[in-house]
Amino acid sequence: MDSKMILNNGNLKATPQRIKILSLLGDYGHLTIERIYSELKKDTPTISLSTVYSNIESLSEKNIVKEVPISRQKEAYELNSGAHAHHVCRQCGKITDIEIDSAKLGESVKFREEAKIDSVDIIFNGVCNNCHKRVKK
Ligand SMILES: [Zn+2]
Ligand SMILES: [Zn+2]
């Protein structure tokens, strides 16, 4: 689906900024607000950080974009691509998607009390391949 259609489905106006944000996230996977801001500035030097924030906010409200919850790091955003876990490199901060079987995962967890689950965020911490190679040398 192209960005315009995604925005139309979410009843959001397909502004050039929103289209650009979606294509950036499509290209890079996970980006911080600062990074999105500096990329958008290349096309629109007058754009303000608060405009970027409000765009991200409306995209998040429509579940088009999702915040990647990573402690000890600035929040990053990604396209909402369904349930998956993340691997975060403690050396360079690189975020990698990891596929998970959410049905199996749900079965494997035992709750002490009956609880309603809305979402699960799983972070694997470690080093990425690149940093691992660098350390070994
Ligand atoms: Zn790394
Ligand atoms: Zn992800």
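Values below: all heavy atoms of this structure, side chains included; hydrogens, waters and symmetry mates excluded. Order of appearance sets the numbers: ligands from 1, and atoms from 1 within every ligand.
For Glu78, the N, O or S atom with the smallest separation from the Zn ion (ligand 2) is OE1. Asp97 contributes atom OD1 as its closest N/O/S atom to the Zn ion (ligand 2). Nearest N/O/S atom of His84 with respect to the Zn ion (ligand 2) is recorded as NE2.
Angle SG(Cys128) to the Zn ion (ligand 1) to SG(Cys92): 110° [nearest 10 degrees]. Rounding to 10 degrees, one finds that the Zn ion (ligand 1) sits at the corner of an angle of 110° between Cys131 SG and Cys89 SG.
Heavy atoms from other residues, nucleotides or ligands lying under 6.0 Å from CG of Asp101 number more than 12.
For the Zn ion (ligand 1), the N/O/S atoms of His132 include none lying under 2.8 Å.
Rounded to the nearest 0.5 angstrom, Tyr77 OH and Ile36 CD1 are separated by 8.0 Å. Rounding to the nearest 0.5 angstrom, the gap separating the OG atom in Ser38 from the CD1 atom in Ile47 is 11.0 Å.
Side-chain atoms of Thr44 never come within 3.5 Å of backbone atoms of Lys41 as a donor-acceptor pair (strictly under, hydrogens ignored).
Remark: His84 pairs with His86 by the ring-ring contact (aromatic ring centres under 6.0 Å, His included) rule, at least two apart or across chains.
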